[in-house]
Amino acid sequence: VGRTPIQQATLHLDLARWLRTRNLLTEAATVLEQLLAGDSSRWDARKELGEIYGVLKRTDELEKLFNIPIPDDVPPEVRMEVVQFLMAQKQWSQARAALEKWIASRPAELEGRLLLARIQAITGASADSDALLLESRKLCDTDARYAAWLNAAFELASEAGGESAFLD
């Protein structure tokens, strides 16, 4: 009573996290569901709820939870966390959808392109993955960005058994 929406959301998140530490996952899920019912834009809470659904093997609810597009105004770090979570859950189509439109409007976004290339390779779109990796190489304007690209490209080549060709 008398709390701002931000304070209310923080209270819900803190309570859900506390319940998780006590292994009260169903109760934590209920708290996060209540938070999302009042504020569906909380992708951090959505990811945490997804983690609980994954542990509880509630795969149908997990899929429904991420069947809506991530809005463009979600902070990039939250988007990347959600995409990496979706990848860990093997929710490839949702992970791809979370990246494709977003990177199309951000020509300098390297991390998102590298994740999308990985998703494409895993889902059998090797040609698209290779093309995206080549395109992404042009974004490597610092040593750190080149190292990230090189690491991602080598991992994909290793998974496909093409380390020799990649090194050549």
Side-chain angles (χ1 to χ4, degrees), residues 5-133 135-136 139 148-149 151-152 155-156 159-160:
I6 292 174
Q7 290 171 327
Q8 191 67 29
T10 301
L11 181 66
H12 276 87
L13 283 171
D14 288 345
L15 177 57
R17 290 171 181 158
W18 182 81
L19 289 167
R20 283 179 79 177
T21 65
R22 305 294 185 271
N23 207 28
L24 298 169
L25 300 179
T26 303
E27 293 81 357
T30 301
V31 170
L32 291 171
E33 288 164 351
Q34 289 172 354
L35 171 58
L36 289 171
D39 185 1
S40 63
S41 68
R42 294 298 306 247
W43 282 86
D44 53 343
R46 190 175 297 271
K47 182 185 133 320
E48 288 193 37
L49 181 56
E51 290 170 350
I52 294 171
Y53 284 167
V55 171
L56 295 174
K57 308 279 190 244
R58 291 165 61 178
T59 53
D60 289 345
E61 291 170 273
L62 176 66
E63 282 187 39
K64 286 182 204 168
L65 191 61
F66 293 100
N67 263 348
I68 61 171
I70 299 176
D72 286 340
D73 62 348
V74 169
E77 61 276 3
V78 173
R79 180 181 302 273
M80 291 300 116
E81 279 184 42
V82 169
V83 168
Q84 289 169 343
F85 168 73
L86 290 170
M87 290 172 69
Q89 296 297 315
K90 298 183 179 1
Q91 300 290 319
W92 306 117
S93 62
Q94 289 96 333
R96 179 183 294 118
L99 289 173
E100 285 179 330
K101 179 182 166 215
W102 187 69
I103 66 168
S105 65
R106 286 163 183 77
E109 173 57 42
L110 179 64
E111 184 181 1
R113 280 178 167 68
L114 297 178
L115 281 178
L116 183 56
R118 181 166 191 72
I119 292 166
Q120 290 170 329
I122 289 170
T123 58
S126 303
D128 293 338
S129 176
D130 293 345
L132 190 55
L133 275 177
E135 173 190 315
S136 298
L139 301 174
W149 176 85
N151 185 46
E155 279 183 27
L156 289 175
E159 290 169 4

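Quick caveat, the model's predicted, so the values are computed rather than measured.
In terms of the side-chain hydrogen bond (donor to acceptor under 3.5 Å, both in side chains) criterion, residue partners of Glu48 (sequence neighbours excluded) are, by chain and number, Arg17. Scanning for ring pair (Phe, Tyr, Trp, His ring centres under 6.0 Å) contacts around Tyr53 gives an empty result, with sequence neighbours left out.
With values rounded to the nearest 0.5 angstrom, Leu115 atom CG is found 10.5 Å from Ser136 atom OG. Here the OG1 atom belonging to Thr10 is positioned 12.5 Å from the CG atom belonging to Leu15, to the nearest 0.5 angstrom. Within the model, atoms CD of Glu111 and CG of Leu139 stand 12.5 Å from one another, a figure rounded to the nearest 0.5 Å. Between the CG atom in Leu99 and the CD atom in Gln120 there is a gap of 9.5 Å [rounded to 0.5 Å]. Taking CD of Gln91 as the start and CD1 of Ile119 as the end, the distance is 11.5 Å to the nearest 0.5 Å. The distance from atom CG of Asp130 to atom CD of Glu135, rounded to the nearest 0.5 Å, is 12.5 Å.
Counting heavy atoms from C-beta outward, Ile70 and Trp102 have side chains that stay 4.5 Å or more apart. Under the 4.5 Å side-chain criterion, counting only non-hydrogen atoms from C-beta, Pro5 is not in contact with Asp39. Side-chain contact between Leu65 and Leu36 is present, with heavy atoms from C-beta onward closer than 4.5 Å. For the pair Leu13 and Leu32, the minimum side-chain heavy-atom distance is below 4.5 Å.
Counting only distance, with no hydrogens or angles, the side chain of Arg118 and the backbone of Leu114 share no donor-acceptor pair below 3.5 Å. Under the 3.5 Å distance criterion, the side-chain polar atoms of Arg46 are matched with a main-chain donor or acceptor of Ser40.
Taking all atoms of both residues into account, the shortest heavy-atom contact from Ile68 to Trp43 is O-CH2, 3.6 Å. Closest approach of Thr21 to Trp18, counting heavy atoms only: OG1-O, 2.5 Å. Shortest non-hydrogen contact noted between Asp72 and Arg106 is O-NH2, 3.5 Å. The shortest non-hydrogen separation linking Ala28 to Ile52 is CB-CD1, 3.7 Å. Here the closest heavy-atom approach between residue Arg58 and residue Glu61 is recorded as NE-OE1, 2.7 Å.
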Using the rule given for side chain to side chain contact (heavy atoms under 4.5 Å, CB included), can you reason through Ile122 versus Lys90, listing the C-alpha separation, both sets of side-chain angles and the distance that settles it, and then say yes or no? CA-CA 10 Å; Ile122 289 170; Lys90 298 183 179 1; over 6 Å; no
Side chain to side chain contact (heavy atoms under 4.5 Å, CB included) assessment of Arg96 paired with Leu116: CA-CA 6 Å; Arg96 179 183 294 118; Leu116 183 56; 3.8 Å; yes
Expected list for residues 77-84: side-chain donor-acceptor pairs under 3.5 angstrom, two or more places apart:
| unit_1 | atom_1 | unit_2 | atom_2 | d |
| --- | --- | --- | --- | --- |
| Arg79 | NH1 | Ala98 | O | 2.9 |
| Arg79 | NH2 | Pro71 | O | 2.7 |

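The pair Lys47-Glu51 meets the salt-bridge criterion, with a side-chain N (NZ, NE, NH1 or NH2) lying under 4.0 Å from an Asp/Glu carboxylate O.
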